[in-house]
Each structure stands twice: as C-alpha cells, then as structure tokens.
Amino acid sequence: MPRRPDVSPPPSASALRARIHAVVRRIPRGKVATYGQIAALAGFPRHARQVGYAMRDLPRGSDLPWHRVLNARGEVSPRAAVGWEDVQRDLLEQEGIELARERVDLTRYGWKPRTGHARPGEASAARGKPRSTSHAAPRRTRG
DNA sequence: GCCGTGACAATGG
DNA sequence: ACCATTGCCACGG
C-alpha cells in the first residue's frame, strides 16, 4: 500500500467544530442564535468560546450563516480583523433583522429550535423572564 | 505538559 | 444600564 496519510484528511475540525458547524447551518434566515446556545445545541454546554473560534476560523466564502451568531447580549462580537463587524451587521439587516443601537432583540429574533413542545403563548410569557441564556440545562453557572 | 490566549458568559458594584 | 472581575475550556506555542 503506497503511502497514505501524506496529505491525510486531517479533519482539522475536531468533532466539536464539526458539531458547531452543523448547528450554525440550521439557524434559519431572519433569526439569530447566541454562542452559548450554539454550544449547548451542539451538545457541548459551556463551550461558547469554542463557537467563537470556530467562526473565526471559517474560510472566507463559507456557506455557513456565521453572521447569525451573536453574543448573549445580542451584539456583534468584536474580532481581530476590524471592519467585519459592519459587514455582519449589514448581512443581518439584509435579512430583515433590526439592530437597535447596534443590538438585536433576542426575544424577537432569537432562534427557538423546537426542543420539545413549546406552545405559542408561552413565548410571550417567557418574555421578561430572567432566562439564563444557558438554555435547557442551567447546570452550574456561567459557561 | 505547563502557560497564555480568546468572534463567550454570569455576577456584583 | 454600564463597567470590571471571575469562571470555563479547547488550542497553540
């Protein structure tokens, strides 16, 4: 067997990254999700930061809707390369997502993937609740 | 294998 | 509501 793993397919993307990508890809147009939310949905709670790195390492021209990922406050997170923050905001508005004072109202544009059976009406009730943004499992704190 | 870094998050003042 | 501090974790040098 001739040499093999010369340029082997180093997933380069750990299972974690692959998982993150899969979740980000599911964010519907016109909606946004937070880093912590993505991490939790990917099955890795408290790995919000890793989501940020995964986004940062995305190749230019990626088909992932990376612009729909915001921080827990509904803001565009600052990154190393300046200038892209405006690009992200543009992409968001392009989808009809409003930014009030550089901020997106998560209660309105936040993506709520069906986890179980959320009834309508509960949504309005949830508004104003001190949601820990940790989603699903409060486990521990911070993350 | 230890140390510093970082597209995050929660808490307290 | 804003700012500073603390906690968490994978990754790279």
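Values below: every heavy atom of this structure, side chains too, minus hydrogens, waters and symmetry copies. Lettering of chains follows the sequences in order, A, B, ..., and the numbering in each one begins at 1.
The CH2-C1' distance, from A:W66 to B:dA7, rounds to 10 Å in whole Å. Separating the CG atom of A:L41 from the P atom of B:dC8 is a distance of 18 Å, rounded to the nearest angstrom. Per the geometry, CZ belonging to A:F44 stands 19 Å off P belonging to B:dC8, to the nearest Å. Computed from coordinates, the A:L64 CG to B:dA7 P distance equals 18 Å when rounded to whole Å. Separating the CG atom of A:D57 from the P atom of B:dC8 is a distance of 13 Å, rounded to the nearest angstrom. Regarding A:Q37, its CD atom lies at a distance of 12 Å from the P atom of B:dA10, rounded to whole Å.
Nearest heavy-atom pair, A:L64 versus A:H21, reported as atom, atom and distance to 0.1 Å: CD2-O, 3.6 Å. Nearest heavy-atom pair, A:S77 versus A:N71, reported as atom, atom and distance to 0.1 Å: OG-CB, 3.5 Å. Closest approach of A:I27 and A:P65 over heavy atoms only: O-CG, 4.3 Å. For the residue pair A:M55 and A:V24, the shortest heavy atom distance occurs at CE-CG2, 3.8 Å.
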Close N/O contacts between protein and nucleotides 10-13 of chain C (under 3.5 Å):
| unit_1 | atom_1 | unit_2 | atom_2 | d |
| --- | --- | --- | --- | --- |
| C:dA10 | OP1 | A:H47 | NE2 | 2.8 |
| C:dA10 | O4' | A:Q50 | OE1 | 3.2 |
| C:dC11 | OP1 | A:S14 | OG | 3.1 |

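Side chain to side chain, A:H67 and A:Q94 fail the donor-acceptor criterion of an N or O pair below 3.5 Å.
Within residues 86-100 of chain A, no residue has any heavy atom under 4.0 Å from DNA chain C.
In this structure, of B:dA9, B:dA7, C:dC8, it is B:dA9 that holds the atom nearest to the side chain of A:T34. Counting only heavy atoms from C-beta on, A:Y35 has its side chain closest to B:dA9 among B:dA9, C:dC2, C:dC8. Counting only heavy atoms from C-beta on, A:R49 has its side chain closest to C:dC8 among C:dC2, B:dA9, C:dC8. For A:R73, whose side chain is taken as the heavy atoms from C-beta onward, the closest listed nucleotide among C:dC2, B:dA9, C:dC9 is C:dC2.
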